[in-house]
Number of protein chains: 2
Amino acid sequence: MKRHQTTIIDIAKELNLSKSTVSRALTGHSNVNPETRKAILDLAEKMDYQRNMLALSLVTSRSNTLGIVVPEFLTSFFPQVVIGAQEIASKAGYNVIVSHSNESYETEVANSKVMLANRVDGILVSVTKETRNFDHFKVFQRKGIPIVFFNRVCDEMSVPKVIVDDYEGAFRAVEHLIQTGKKRIAHLAGPDSLLISRKRLNGYLDALRKYNLPLIDELVISYDLTVEKAKIYVKHLLELPEPPDALFAINDPTAIEAMQVIKAKGLTMPEDIAVVGFSNDYASSLIEPGLTTVAQPIREIGKNAAQLLLDQMDREVSDWKAMTKILKTELIIRGSSSRNMPTSGH
Amino acid sequence: MKRHQTTIIDIAKELNLSKSTVSRALTGHSNVNPETRKAILDLAEKMDYQRNMLALSLVTSRSNTLGIVVPEFLTSFFPQVVIGAQEIASKAGYNVIVSHSNESYETEVANSKVMLANRVDGILVSVTKETRNFDHFKVFQRKGIPIVFFNRVCDEMSVPKVIVDDYEGAFRAVEHLIQTGKKRIAHLAGPDSLLISRKRLNGYLDALRKYNLPLIDELVISYDLTVEKAKIYVKHLLELPEPPDALFAINDPTAIEAMQVIKAKGLTMPEDIAVVGFSNDYASSLIEPGLTTVAQPIREIGKNAAQLLLDQMDREVSDWKAMTKILKTELIIRGSSSRNMPTSGH
DNA sequence: CTGTTAGCGCTTTCAC
DNA sequence: GTGAAAGCGCTAACAG
C-alpha cells in the first residue's frame with residue numbers, strides 16, 4: 001500500500017522553485033522573499049504538508065525524541081512518572097516514546113534496542129525486577145547517548161539517577177509502627193536484585209536496631225512483587241504460631257493485597273495488625289481503613305529525571321556528572337496503623 | 001554534541017566489502033556467503049551496530065510504528081488500553097508511540113501532527129472531552145493513513161471504531177437501581193461532546209422510561225469530568241429539597257468522588273443513596289462499600305483496536321471498512337447498591 | 001555471491 | 001534571494 005505524502009519537492013515543483021528555497025521558507029530562514037515565503041506557506045497548508053521528521057533526523061543526526069523504558073504499566077506509578085517527564089520534554093521540544101517491559105528482562109533488552117534503532121537522543125530508565133545484567137544500557141553510554149535512571153536504578157553504572165530517600169522513608173515508617181507499640185513487625189520486601197528493596201529493607205532493619213527490637217528472621221520475606229505471591233506470604237505470616245502485630249510492605253499494591261487478606265481473615269487493623277505501605281498510590285486513600293504510607297512525589301520524579309537528561313544533552317560527554325538526585329518522602333498516617341486517624345479519605 | 005553511530009559503511013570498510021553485502025547479511029537475505037555473513041554479524045555485534053530505523057523508514061516509506069493518541073493518563077483506563085494495543089502491535093512487529101493530550105484540544109492537535117511528522121503507519125485515537133472539530137484526524141484519512149477510534153470515538157468519521165455497549169450497560173445499571181426500589185435516580189453525565197456521554201445518558205433515560213419513572217430534570221447533570229466539579233455537583237444533588245436516592249455516574253472516578261462526598265455527609269450506602277459507576281477500575285473493588293459498576297474489557301479494547309488497525313494496513317484504502325466493534329460490558333453488583341453484596345473485595 | 005547505482009526527504013554549504 | 005549539489009544510512013534493482 002504505497003502512499004505518497006506531500007514533500008518539499010512537490011511544493012517546489014508547483015511553485016517553480018527549488019526545494020532549497022521551500023526548505024528555507026518552511027524552517028523560517030531569513031533569506032527568503034516575503035512573497036515567496038507566503039506562497040510557500042499557503043501551499044504547504046493547503047497540501048497538508050507535514051515535515052518528515054525521519055528525513056530531518058537523518059540529516060541532523062538527532063531525532064528530537066527521548067525514550068522512556070519502564071518495567072510495568074499496571075500500577076499508577078509509572079504512567080504518572082511518564083506524565084511528569086513528558087511535560088518537561090515537550091517544553092524543550094522533544095517527543096517521547098515509552099515502552100514497558102512487563103517486568104521481563106528479555107523484553108527490556110528488546111525495548112532498549114528499539115530505542116537505539118529509533119535513534120533516541122537520550123533515555124530514562126527504570127529496570128525490571130529481573131534485570132541483573134545492564135549491558136543493554138551500557139551500550140548507550142558507549143555510544144554517547146545520555147541515560148538517566150529513576151526509581152529502580154542501576155547501581156553499577158555511573159550516570160545520573162533520580163530516587164527518593166527509600167532508606168529514610170522506610171526507617172520512619174517502621175519507627176512509626178514501633179512508636180504505636182508494635183513489637184513483632186514483619187517486612188514484605190521486594191526482590192534482592194532491586195536497590196530499592198535493599199534500601200527499604202535496611203531502613204526497616206535499622207529502625208528495629210535503634211529501638212532495640214530483635215530481628216525475627218521468619219518475619220522478613222523477600223518476594224517477586226506478583227499479586228499471587230503477596231497473598232500467599234501474607235497468609236503464611238498470619239498463620240505463624242506467633243504472628244506479626246504489624247507489617248511494613250515494600251509498596252502500596254503489596255500493602256493493599258495484604259489488607260485484603262487481613263480483612264478476609266476477620267482481623268482488625270490496626271489492633272490485630274497494623275499495615276504500612278510505600279508510595280501513596282491513589283488507592284491508598286480509598287481503601288478502608290486508609291493505608292498509612294510513605295508518599296513519594298511521583299510526578300516530580302519524572303520531571304527531575306527528564307530535566308537531568310536534557311542537562312546532559314547540552315553537555316559534552318566528558319562533562320556528564322553522575323549525580324544522584326534524592327527526593328524527599330513524607331509519611332502519611334492513616335487508619336491502617338493508627339486508630340486516631342480518619343479511617344479513610346484524602 | 002556530534003556522535004557517530006556505527007553504520008553499515010563502517011562495517012563494510014572494515015571488512016573490505018560493499019555496503020550492499022553488509023546490508024544483505026544483516027537483513028538475512030539468502031545470497032550471502034555463510035562465512036562473509038558470519039564475519040559481518042560478528043563485527044556488527046562487536047561494534048554495537050544497531051540498524052537505523054529512521055533511514056530504513058525513509059527508504060521503505062513505512063515506519064513500522066503505530067501512534068496512540070489518548071486524552072489523559074491519570075486514570076488507569078488508558079494505560080491499560082495501551083498495554084493491550086502494544087501487545088498486539090509488537091507481535092506484528094510494530095513499535096508504538098503514545099501521546100496523551102491532558103484533555104486539551106490544542107495538545108491533541110499538536111500530538112496528531114507529531115504522529116504525522118513521525119510518519120506513523122496508523123493511529124489509534126480516543127479524543128479529548130474538548131474535541132468538537134476533527135480536521136486534524138481527517139488529514140490522516142486524506143493521506144491514506146489508517147485510523148481507528150476507540151472509547152471516545154468520532155461520530156462523523158467513517159472509520160473503524162471499538163467501543164463497548166454503553167447504552168446497554170447504562171440501561172442495565174439503572175434498571176438494577178430501579179429493581180432495588182430506587183425512585184429518584186440521579187445521573188452525573190459527561191460532557192455532551194462525547195458520544196459515550198450521550199449513549200450512557202440515553203441508557204439512563206430509557207431505563208426510567210421503561211419502568212415508568214418520571215424524568216426529573218434537576219437530577220441530570222452534565223459536567224466536565226474534573227474532580228472538583230464532581231464534588232460540587234454531588235454536594236448540590238445531596239442538598240436538594242428532595243435529594244436523589246440513587247446516583248448513576250458516567251464513570252468510576254466520578255462515582256468514587258461521589259462516594260467520598262456521600263460518606264463525608266454521613267449518609268449510608270445503599271440505604272440513603274445507592275451509587276453505580278462505569279468501567280470497573282481497580283479502585284472500585286477497594287473502596288468501601290465496593291462500587292457497583294458496569295465492567296468494560298479494557299485491555300480487550302486496546303487489543304481489538306490495534307488488530308483493526310493492522311487489518312486496515314494490509315488492505316487498499318478503497319477496501320477499508322468502517323465497521324464498529326462493540327464489546328460487551330457486565331454489571332458487577334457490589335455494596336454501593338446492594339446490601340446483600342460483600343461490602344468490598346475483588 | 002558481490003558491487004554499483006539510484007533514491008527515500010531533508011538541510012546545508014557554496015555559488016550565482 | 002535563489003539554485004545546484006552533496007550527503008545523512010539504508011534498501012533495492014541491476015549488473016557482473
Side-chain angles (χ1 to χ4, degrees), chain A residues 1-41 43-44 47-65 113 116-121 143 145, chain B residues 1-41 43-44 47-65 116-121 143:
Chain A
M1 193 186 59
K2 199 78 175 183
R3 302 175 241 101
H4 178 73
Q5 300 228 25
T6 311
T7 72
I8 51 172
I9 299 193
D10 297 329
I11 298 179
K13 276 193 186 138
E14 189 79 16
L15 260 32
N16 271 319
L17 289 165
S18 75
K19 58 177 183 173
S20 321
T21 306
V22 176
S23 170
R24 278 190 280 257
L26 254 19
T27 51
H29 261 251
S30 45
N31 293 340
V32 181
N33 183 311
E35 285 175 26
T36 322
R37 152 166 290 134
K38 182 165 183 348
I40 292 172
L41 260 34
L43 186 58
M47 294 178 79
D48 292 326
Y49 173 79
Q50 197 65 49
R51 196 207 222 155
N52 187 334
M53 290 303 289
L54 306 174
L56 209 198
S57 299
L58 195 57
V59 59
T60 59
S61 60
R62 22 190 359 267
S63 62
N64 263 279
T65 301
K113 292 213 168 122
L116 235 29
N118 280 62
R119 296 297 188 266
V120 293
D121 294 330
K143 289 184 188 280
I145 301 170
Chain B
M1 193 185 58
K2 198 77 172 183
R3 303 177 241 99
H4 178 72
Q5 301 228 25
T6 310
T7 72
I8 50 172
I9 299 192
D10 297 328
I11 297 180
K13 274 192 189 141
E14 189 79 14
L15 259 31
N16 270 317
L17 290 165
S18 75
K19 59 178 184 172
S20 322
T21 306
V22 176
S23 171
R24 278 191 280 258
L26 254 18
T27 51
H29 261 251
S30 47
N31 295 339
V32 181
N33 183 312
E35 285 177 26
T36 322
R37 154 165 290 133
K38 182 165 181 349
I40 293 172
L41 260 34
L43 186 59
M47 294 178 79
D48 291 328
Y49 173 78
Q50 196 67 49
R51 194 207 222 156
N52 187 332
M53 290 303 288
L54 306 175
L56 208 198
S57 300
L58 194 57
V59 58
T60 58
S61 61
R62 24 190 355 268
S63 63
N64 263 278
T65 301
L116 236 29
N118 282 68
R119 295 298 187 265
V120 292
D121 295 330
K143 288 183 188 280

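These values consider heavy atoms only, across backbone and side chains, with no hydrogens, waters or symmetry-generated copies. In the text below, chain A, chain B and the rest are named by the order of the sequence lines, each starting its count at 1.
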dT11(C) phosphate, OP1 or OP2: any side-chain N/O from R51(A) under 4.0 angstrom? yes
Just to confirm, is there a sub-4.0 Å distance from OP1 or OP2 of dG9(C) to any side-chain nitrogen or oxygen of T7(A)? no
Atom-to-atom span, [atom1] of [X] to [atom2] of [N] - whole angstrom:
X: K143(A); N: dG9(D); atom1: NZ; atom2: P; value: 12 Å
X: N52(A); N: dC10(D); atom1: CG; atom2: P; value: 17 Å
X: N64(A); N: dT11(C); atom1: CG; atom2: P; value: 12 Å
X: Q5(A); N: dG9(C); atom1: CD; atom2: P; value: 9 Å
X: L15(A); N: dT2(D); atom1: CG; atom2: C1'; value: 13 Å
X: Y49(B); N: dC10(D); atom1: OH; atom2: C1'; value: 7 Å
X: K13(B); N: dG9(D); atom1: NZ; atom2: C1'; value: 13 Å
X: M53(B); N: dG9(C); atom1: CE; atom2: P; value: 17 Å

[X] near the nucleic acid: base, sugar-phosphate alone, or nothing, with a heavy-atom cut-off under 4.0 Å?
X: D10(A); answer: nothing
X: S57(B); answer: nothing
X: L54(A); answer: nothing
X: N31(A); answer: base

Measure the spacing between [atom1] of [X] and [atom2] of [Y] and express it to the nearest 0.5 Å.
X: R119(A); Y: R62(A); atom1: CZ; atom2: CZ; result: 14.5 Å
X: M47(A); Y: K143(B); atom1: CE; atom2: NZ; result: 9.0 Å
X: N33(B); Y: T21(B); atom1: CG; atom2: OG1; result: 10.0 Å

Residue pair L26(A), I8(A): steps toward the side chain to side chain contact (heavy atoms under 4.5 Å, CB included) verdict: CA-CA 9 Å; L26(A) 254 19; I8(A) 51 172; 3.7 Å; yes
Are side-chain heavy atoms of I40(B) and L17(B) found at a separation under 4.5 Å? yes
Is there side-chain contact between E14(B) and I11(B), with at least one heavy-atom pair below 4.5 Å? no
If each of I8(A) and T21(B) is mapped to the nucleotide of DNA chain C with the nearest heavy atom, which maps nearer the 5' terminus, i.e. the 5' end? T21(B)
For L58(B) and for P34(B), locate the closest nucleotide of DNA chain C by heavy-atom distance; then report the residue assigned to the nucleotide nearer the 5' terminus.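 Comparing both residues, the 5'-ward one is P34(B).
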Do any N or O atoms of the protein come closer than 3.5 Å to N or O atoms of nucleotides 12-16 of chain D, and which pairs are they?
from	atom 1	to	atom 2	distance (Å)
dA12(D)	N6	S20(B)	OG	3.3

Would you sort out whether L43(A) and Y49(A) count as a side chain to side chain contact (heavy atoms under 4.5 Å, CB included), showing the intermediate values? CA-CA 8 Å; L43(A) 186 58; Y49(A) 173 79; over 6 Å; no
Here's a test for you: under side-chain contact (heavy atoms from CB on, under 4.5 Å), which of L54(B), L116(B), L58(B) qualifies with N52(A)? L58(B)
For the side chain of [X], starting at C-beta, report the closest nucleotide among [options].
X: A55(B); options: dC10(D), dC10(C), dT2(C); value: dC10(D)
X: L56(A); options: dC10(C), dG9(C), dC10(D); value: dC10(C)
X: H4(A); options: dT2(C), dG9(C), dC10(D); value: dG9(C)

Can you check side chain to side chain contact (heavy atoms under 4.5 Å, CB included) on T27(A) and H29(A), steps first, answer last? CA-CA 6 Å; T27(A) 51; H29(A) 261 251; 3.5 Å; yes
My understanding is that only residues two or more places apart in sequence, or in another chain, count here; which of them pass side-chain contact (heavy atoms from CB on, under 4.5 Å) with T7(B)?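 T7(B): side-chain contact (heavy atoms from CB on, under 4.5 Å) contacts with H4(B), I9(B), D10(B).
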How bent is the helix from dC1(C)-dG16(D) to dC16(C)-dG1(D), measuring the angle between the end axes built from five pairs each, rounded to 10°?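 About 40° separates the two local helix axes.
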